[in-house]
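Quick note on labels: first sequence line is chain A, next is B, and so on, each numbered from 1. Remember, it's a predicted structure, so these values are computed and weren't measured experimentally.
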Number of protein chains: 2
Amino acid sequence: MRILVIEDETKVGCFIKRALDEESYAVDLCEDGAKGLQMALNTNYDLLIVDLMLPSLSGLEILKGVRQARIQTPILILTAQSQVDQRVKGLDAGADDYLTKPFAIDELLARIRALLRRGSTESPGVLQIDDLALNPATREVTRGGQRIELTLKEYALLEYLMRHTGRVLTRPMISEHVWNQDFDTFTNVIDVYVNYLRNKIDRGRSKKLIHTIRGSGYMLKAD
Amino acid sequence: MRILVIEDETKVGCFIKRALDEESYAVDLCEDGAKGLQMALNTNYDLLIVDLMLPSLSGLEILKGVRQARIQTPILILTAQSQVDQRVKGLDAGADDYLTKPFAIDELLARIRALLRRGSTESPGVLQIDDLALNPATREVTRGGQRIELTLKEYALLEYLMRHTGRVLTRPMISEHVWNQDFDTFTNVIDVYVNYLRNKIDRGRSKKLIHTIRGSGYMLKAD
DNA sequence: GTCTTCAATGACTAGAATGCGCATAGTTGT
DNA sequence: ACAACTATGCGCATTCTAGTCATTGAAGAC
């Protein structure tokens, strides 16, 4: 998960970065508003944390810039206690959440989890569909409480499927996210790996979770 | 927009209800936790506002109950200033946002706008005509709540029809969009597939949705 | 007007052709 | 030895062709 922090106060910025690093997020820190907007537009972040009070470019303008570019990335804004009207404006300009300084680091982390969770539709921490559970932190996968061993690629594929439960995932989509490359029509790797996963996850169970949508792709779904 | 407020303090509850009424939201107020959960499960609200400190059932349990029922409705929780760990738990349990009491009514309204806006952008797609619904994200088609299985071409054709409801669609137009090729007069694929669709969608129903415009083409229409 | 006729258009069906997805075996690379 | 990928053939759902049957509506007879 990649996070961009735009915050001019070096002390606060470093404090946040350290805390996020510890939670093993990939963090970029930027102390300048204009440069920060550029980065937000160019890189595909999963979350933006923006201070509303910045020197070169106000946080509000960054917000508007990002939303005008139709980028849906969740944005959390930081404000001083006094700036009530500022954060109202911020929320109306497309921010998803705010935090008033000074804040407890636990609270920041909780809100980040909430925002990241919202983007995809899974539960906090472990992903769960029916009796199948995947814990991204430990890379542990279980079904019905029973441990399932997966290879790297199998795991990556399953995580992608679980993060988009109930949606049809086309081969190009899967290829892009799991193999990060353009889709080559003349290979059937995806089919093969779906087959591997089926053997380990659905084989012998009455309730199948991996469904094929003929002509389109695959879908993970409980019923 | 329909909002459910679960708040035991009559004064606060009425205060919120009045403010939301003024913004012309449809507001239900409930002072009991257990009853509130029932209402949340039975009615399709656009937003829930839940006080964490409730008598019969804690707000946290309501949260969990709603999320366990796989209801994705955005939830905003209300907490006292002191309960930092409570709201962390709340966010982790699936709440989308929180507000500490006492709060400015403007701020509540801003957060509600933010939450409602988010919901609408997440599910842009469900196409609906009469009791026929098509969800492009999941490729799910239902009529009167009943699931209908379609093949790829059938689905593509129906999606095209639904995206142009009430307009006459000629065979060349359909061919171009669904078969992406120039129209070949010497084939009757389109007629055949319209027939397939009719069997699955209109057959046995009093209200027909697929109409043929003799000499021109076809049209999807409710009446 | 109203019937009849008839050609054009669309509805429907059976079955042939296609090509998708599955499985498994084989190959490469670490 | 194991993971990652390629190659291949088979079964079958899907797609399409081709043919027959039904419906429509306009022209002509009365």
*Over how many whole Å does the gap from Asp191(B) atom CG to dT23(D) atom P extend?*
16 Å
*When you check the phosphate oxygens OP1 and OP2 of dC22(C), does a side-chain N or O of Tyr218(A) lie under 4.0 Å from one of them?*
yes
_Just the rounded figure in Å: distance from P of dA8(C) to CD1 of Ile213(B)._
22 Å
*Integer-rounded Å distance: dC22(C) P and His211(A) NE2*: 13 Å
*Determine whether the aromatic ring centres of Trp179(B) and Tyr193(B) lie less than 6.0 Å apart.*
yes
*Atom CG of Leu197(A) to atom C1' of dA23(C): distance rounded to whole Å?*
15 Å
_Partner set under side-chain hydrogen bond (donor to acceptor under 3.5 Å, both in side chains) for Lys200(B), not counting sequence neighbours_ = Glu154(B)
*Which nucleotides of nucleotides 8-15 of chain D have their base under 4.0 Å from a protein heavy atom (B), which only their sugar-phosphate (S), and which neither (-), written as one string 5' to 3'?*
B----SSB
*Hey, is the main chain of Leu76(A) close enough, under 3.5 Å, to the side chain of Asp96(A) for a donor-acceptor pair?*
no
*Under 4.0 Å between a side-chain N/O of Asn195(B) and OP1 or OP2 of dA11(C), yes or no?*
no
*Between dC2(D) atom C1' and Glu149(A) atom CD, what is the distance in whole Å?*
14 Å
*Phosphate oxygens OP1/OP2 of dT17(D): is one of them under 4.0 Å from a side-chain N or O of Thr187(B)?*
yes
